[in-house]
Structures are given as structure tokens and as C-alpha cells.
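Letters A, B, ... mirror the listed sequences (proteins, then strands); counts begin at 1.
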Protein chains: 2
Amino acid sequence: MENTIKQLKEYLIKHDIKPSTIRLKILEYLLNNRIHPTADDIYKNLLDQIPTLSKTSVYNTLDLFADKGVVKVLSLNEKEARYDINTRLHGHFKCRVCSRVYDFAIPYDVSIPHELKGFDVNDIDINFYGVCQNCKNQGRKS
Amino acid sequence: MENTIKQLKEYLIKHDIKPSTIRLKILEYLLNNRIHPTADDIYKNLLDQIPTLSKTSVYNTLDLFADKGVVKVLSLNEKEARYDINTRLHGHFKCRVCSRVYDFAIPYDVSIPHELKGFDVNDIDINFYGVCQNCKNQGRKS
DNA sequence: TTATAATTTTATAACAATTACAATTTTATT
DNA sequence: AATAAAATTGTAATTGTTATAAAATTATAA
Ligand SMILES: [Mn+2]
Ligand SMILES: [Mn+2]
Ligand SMILES: [Zn+2]
Ligand SMILES: [Zn+2]
């Protein structure tokens, strides 16, 4: 809805990815559904539009996207990986009740600690776990 | 080597865990091998001492330990979980070359960001990824 | 001690996410 | 149109983990 096909194509090409139909659809889904979906979420959701879609293609595409820096893969203490179209450094909060994953800005400078002097740090994950306000309010009613 | 059986028993009892042989062995392993091992690491290593050991028991024990706060489970962008006998808040660095996991002290106050006001935060993971100094030196030789 | 119950451990099968692989389809090039 | 390259698919394999029920061990009571 937000992006024209042309824009999506340019986005992929800019990231050195040939814009196939499936790749465009997955990119579009990720841009319009910023919920940190799993591969299965994406697969299930696109099945209406692309009835021949295979789960392998979803994995292939997401692996390619991760390779080219289009998505960041999230490990949030669960067995399924999640995919984030926002690759800039930011924190994640996972609610253990509703399983929603919230973004937050990291409120301190993430400098390399002196214990890691001489290490190359390419990637940083900051993950919080607990119960979100929504779920806390829900529980209050009982 | 470091701990007497008596000390290990007390440690488990203090955490509300009945000290069975397997539990003591796994605890001892975790205390003496602070390498953030996987369930398989632990299983393989104890097989000499306990030839009848089953992997299910290792998982059962680690689940129990996690439940009782004796270990912290780590999700480090890999499919296998790792287990840390140090449950105090600290950061982890995973080297993508040698797969070693290093500890580091978190060099800032991990206060709850204002975006998460009203959220209950029970757990925090801070994970860095990259190449450790060891592996960087190794590579330099070529 | 013996009997009985509770707990722990084991072996095996089931499960679920991901990956491997080769065949098919689609797209690009000549 | 013919050919080559790339993308997609279906299927099977792999892997870490979990479920389940039987067997072994340990605790409790008679
Ligand atoms: Mn995010
Ligand atoms: Mn640690
Ligand atoms: Zn919630
Ligand atoms: Zn290394």
C-alpha cells in the first residue's frame, strides 16, 4: 500500500538483489507489517496472493535478504527466527504473554567495553523480556 | 576439582533442587567449565563418568536448573541453546570464527528506556557478535 | 527389613524449524 | 527459437528439543 512496485524494485536493486516477484512480495510484506514476523508468518500471509509459494522460497529469500543487509535476523529465546526490516541498531522487548516484539531506542552509547578491546564487533543484539503494558492491564481486570 | 560434593549439594538444595547424582555432575561440570556449553557439550563430556547417561536427562536437568535460577539460557543466533552458570547480568560476545563466547561487564546502567515505561522487564540479553582478538591474530599470519 | 510410593532416569518416538537436493519453471541471452 | 542461467518448487533429510511411558532409583511407612 505504501510503496509502489517501482520503489520496491529500486530498493532491492540498491541492495544488489534481483527483483523477482516473490522477493518483491516478501519485501512488501516486511515493509507493511513491522511485527518482526517469522518465516511461517510470511509464508502463511502470502499464500493467498501466491498460491504456489513454497516455504523453501521464503527461507531462501530471507537468507538472501539477511546476506545483503535488507533484514536482520532476531534470536529472541524462541525456536523460530524472526525477521526485522529495520536493520538500524535498536533494542527489542519480547512480551512473554502475548509474544509481541516491541522496538525501543537504545538509551545509552553502545561503545565497545574495554574487555573487548581488539575485538571486531559487527553486530549487537539488545533484548529485553517481560510483560508488556497491554498484558499487564489485561491481567489487572481479574 | 574446585568444589566438594558437600558444597555442590548445598548449592542445589539452596536453590530448591534435590541433589541427585546427575544433577551434581552437571552442576560440577558447569562450575568447572565456564564456556557456555550446549546440552550436547555437557552430555558428551559426562558420558565417560556416567556411561548410562541419556540426553533427555541433560535436558531435564538444564530445564530444572533454568527454572530454579541456577543457569541462564543463552540465545546467540545459533540453533543450539547454551547454558551459563553465571546468572548475574553481563554481556556476551560470540566469535563467528571460533564460536567461543566471551563474557564482558556491561559498561552502562541498563535502565528501562522510557519507551518501555509500564512494562515489566524480567530479563535482559546483551549480545555482541564479531571476531575475537585470538582469531584476528590468527588471520594476520596468512 | 519389607512393602509401597514418589522421584529420577532412560530409551524411544514425535515434533518443529530449517536445510539439502534435484527437478521444474521462469527469465535472460544468444 | 534455442540455449543458458537463475529462481522456485516439492520432497526428503537433518537437527535440536520435547513427549511419553517404562525402568531404575530413592524415600517413606509398615
Ligand atoms: Mn525491530
Ligand atoms: Mn556468561
Ligand atoms: Zn504482551
Ligand atoms: Zn574467535
*Once you round it to whole Å, what is the distance between C1' of D/dA6 and CG of A/Leu12?*
16 Å
*asked:* Could you tell me if A/Asp103 and A/His36 have a donor-acceptor pair between their side chains, going purely by distance under 3.5 Å?
replied: yes
*Which whole-number value in Å describes the distance from B/Leu64 CG to C/dT7 P?*
13 Å
_Whole angstroms only, please: what is the CG-P distance between A/Leu62 and D/dA7?_
15 Å
*Which whole-number value in Å describes the distance from B/Ile13 CD1 to D/dA27 C1'?*
14 Å
*Apply side chain to side chain donor-acceptor pair (under 3.5 Å) to A/His92 and A/Asp84, showing your working.*
CA-CA 10 Å; A/His92 289 108; A/Asp84 195 341; 2.9 Å; yes
*asked:* Under a 3.5 Å distance rule, please check whether A/Asp67 uses its side chain to pair with a backbone N or O of A/Leu64 as donor and acceptor.
replied: no
*Nearest-Å distance, CG (B/Leu74) to P (D/dG16)?*
17 Å
_Would A/Ser57 and A/Asn60 count as a side chain to side chain donor-acceptor pair (under 3.5 Å) here? Give the steps._
CA-CA 5 Å; A/Ser57 292; A/Asn60 286 344; 5.1 Å; no
_Value in whole Å for how far the P atom of D/dT8 lies from CD1 of A/Ile42_ = 14 Å
*For A/Gln49 and D/dT8, what is the distance between atoms CD and P respectively, to the nearest whole Å?*
15 Å
*Does the pair B/Lys9 and B/Thr4 meet the rule for a side-chain contact (heavy atoms from CB on, under 4.5 Å), with working shown?*
CA-CA 9 Å; B/Lys9 275 189 185 174; B/Thr4 67; over 6 Å; no
*Yes or no on side-chain contact (heavy atoms from CB on, under 4.5 Å) for B/Asn134 and B/Tyr102, after CA distance, side-chain angles and deciding distance?*
CA-CA 12 Å; B/Asn134 242 18; B/Tyr102 296 81; 4.3 Å; yes
*Can you give one letter per nucleotide of nucleotides 9-23 of chain C, 5' to 3': B if a protein heavy atom sits under 4.0 Å from the base, S if only from the sugar-phosphate, - if neither?*
SBBB----SSBB---
